[in-house]
Colleague: 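Before I ask anything, let me first share the structure, which is written out below as structure tokens.
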Amino acid sequence: MNPLIELRGITKTWPVTSGLFGARKRIHALEDINLDVQVGEILAVLGESGSGKSTLGRILARLETPDQGRYVLRGELQKGRARHQKDRWRFGSQVQMIFQDPFASLNPVHSVGYHVKRSLVLHGQKADKAGEILDSVGLRPGPGFLEKFPFELSGGQRQRVAIARALAVRPALLIADEPTSMLDVSIRMDILNLLKDLRAMHQLAILLITHDLPSAFYLSDRLVVMYAGQVVEAGPVAEIRQQPAHPYTQLLLKVATERIAKTVEKPRDAGMLTAQLRETRSCLFATRCPKVQDLCVKAGPALIRMGTREVRCHFPS
Ligand SMILES: Nc1ncnc2c1ncn2[C@@H]1O[C@H](COP(=O)(O)OP(=O)(O)OP(=O)(O)O)[C@@H](O)[C@H]1O
Ligand SMILES: [Mg+2]
């Protein structure tokens with residue numbers, strides 16, 4: 001079966017001005033990303049701050065244009081940003097995105113009903129389904145929420161509204177960029193469970209962007225681990241969980257087990273910027289790798305297929 005989404009050779013860089021005379025350098029947010037997303041699959045994209053997760057999500061949502069590469073959705077080539085209204089609607093009926101901060105993504109002067117109905121109507125559906133959709137995301141009874149305003153809701157309820165609005169158009173892919181990181185720890189699990197149920201109900205593919213390994217393990221079928229714009233390891237969750245092959249994945253796993261369920265972000269590592277600017281020929285992870293050897297410093301490894309997995313390491317476990 002053809003994948004829902006195929007990304008081939010996606011690269012995205014950003015200019016930075018730094019150093020004497022403002023020398024132009026470029027941050028590599030994404031480098032040569034090849035990724036397939038299957039219908040109904042939950043894929044988690046994992047990595048610390050700056051690894052390129054949101055950039056990947058934004059390119060998939062066509063909010064950003066890659067410098068290079070091909071993006072194919074259901075066999076159709078997608079070109080850059082969806083600029084025209086008609087293109088946006090057509091694309092939006094297949095791919096939707098939700099964000100970290102549900103308050104920022106809802107308009108405070110409009111009711112819950114307005115948000116969901118507008119999404120329905122824009123995509124040619126009947127507005128009277130709004131109550132039912134709210135019900136399906138756990139805001140029950142749905143019709144009772146229609147007249148409420150965002151400020152009257154809790155963070156978790158607001159995120160449910162954002163999910164309802166995204167799902168109103170019956171997309172094939174939902175991109176969720178850190179959807180629980182601003183929510184109370186106590187309700188994070190509820191939102192993850194909701195996403196899990198929605199996948200089962202609607203054959204919805206979900207791209208979960210997170211730096212929280214436990215959430216990724218809990219929800220996803222497949223993991224993509226990123227570091228400084230590169231995929232360093234990708235494969236089935238169960239396998240990676242049991243035996244992570246890349247030293248970076250091993251580190252993430254170790255940190256996750258040691259500070260159980262604590263998802264605070266660590267300050268960005270100094271080696272990360274050098275890596276992002278590609279001011280090194282070494283493996284980008286070499287400065288932090290506990291297993292670094294001479295070869296790693298001489299040349300960075302390619303992403304190699306190992307059975308069901310892909311790993312970018314000269315000395316994978
Ligand atoms: N619009 C932009 N202009 C300049 N640089 C950008 C822009 N968007 C992203 N970047 C840079 O690209 C790199 C990757 O950013 P991205 O937001 O994709 O990382 P991330 O993995 O989502 O991090 P976080 O966990 O902090 O959300 C970062 O170094 C970031 O500063
Ligand atoms: Mg991000």
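Computation of the quantities below employed the complete heavy-atom set of this structure, encompassing side-chain atoms and omitting hydrogens, waters and symmetry-equivalent molecules. Here the structure is a predicted model, which is why all the values come from computation and not from measurement. Every number for a ligand or one of its atoms is a count from 1 in the order of the listing.
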Colleague: Name the option, out of Gly50, Gly52, Ser54, that contains the heavy atom nearest to atom 17 (O) of ligand 1.
Modeller: Ser54
Colleague: Taking NZ, NE, NH1 and NH2 as the nitrogens, is one of them in Asp212 or Arg188 under 4.0 Å from a carboxylate oxygen of the other?
Modeller: no
Colleague: Heavy atom to atom 25 (O) of ligand 1, shortest distance: which of Met272, Lys53, Arg58, Glu64 holds it?
Modeller: Lys53
Colleague: Looking at Arg74, I'd like to know if its CZ atom is crowded, meaning that more than 12 non-hydrogen atoms belonging to other residues, nucleotides or ligands lie closer than 6.0 Å.
Modeller: no
Colleague: Does the side chain of Met189 come within less than 4.5 Å of Asn193's, by heavy atoms?
Modeller: yes
Colleague: Considering only NZ, NE, NH1 and NH2 on the basic side and carboxylate oxygens on the acidic side, decide whether Asp221 and Arg199 come within less than 4.0 Å.
Modeller: yes
Colleague: So, is Ser54 placed with an N/O/S atom under 2.8 Å from the Mg ion (ligand 2), counting both backbone and side chain?
Modeller: yes
Colleague: Pull out every atom of ligand 1 sitting under 4.0 Å from any heavy atom of Gln276, numbered as shown with elements.
Modeller: 13 (C), 28 (C), 29 (O)
Colleague: Using a 4.0 Å cutoff against the non-hydrogen atoms of Thr55, which atoms of ligand 1 qualify?
Modeller: 14 (C), 15 (O), 16 (P), 18 (O)
Colleague: Using a 6.0 Å cut-off, check whether atom CZ of Arg278 has over 12 heavy atoms from anything other than its own residue.
Modeller: yes
Colleague: If you measure from each non-hydrogen atom of Glu48 to ligand 1, which part falls under 4.0 Å: side chain, backbone, both or neither?
Modeller: backbone
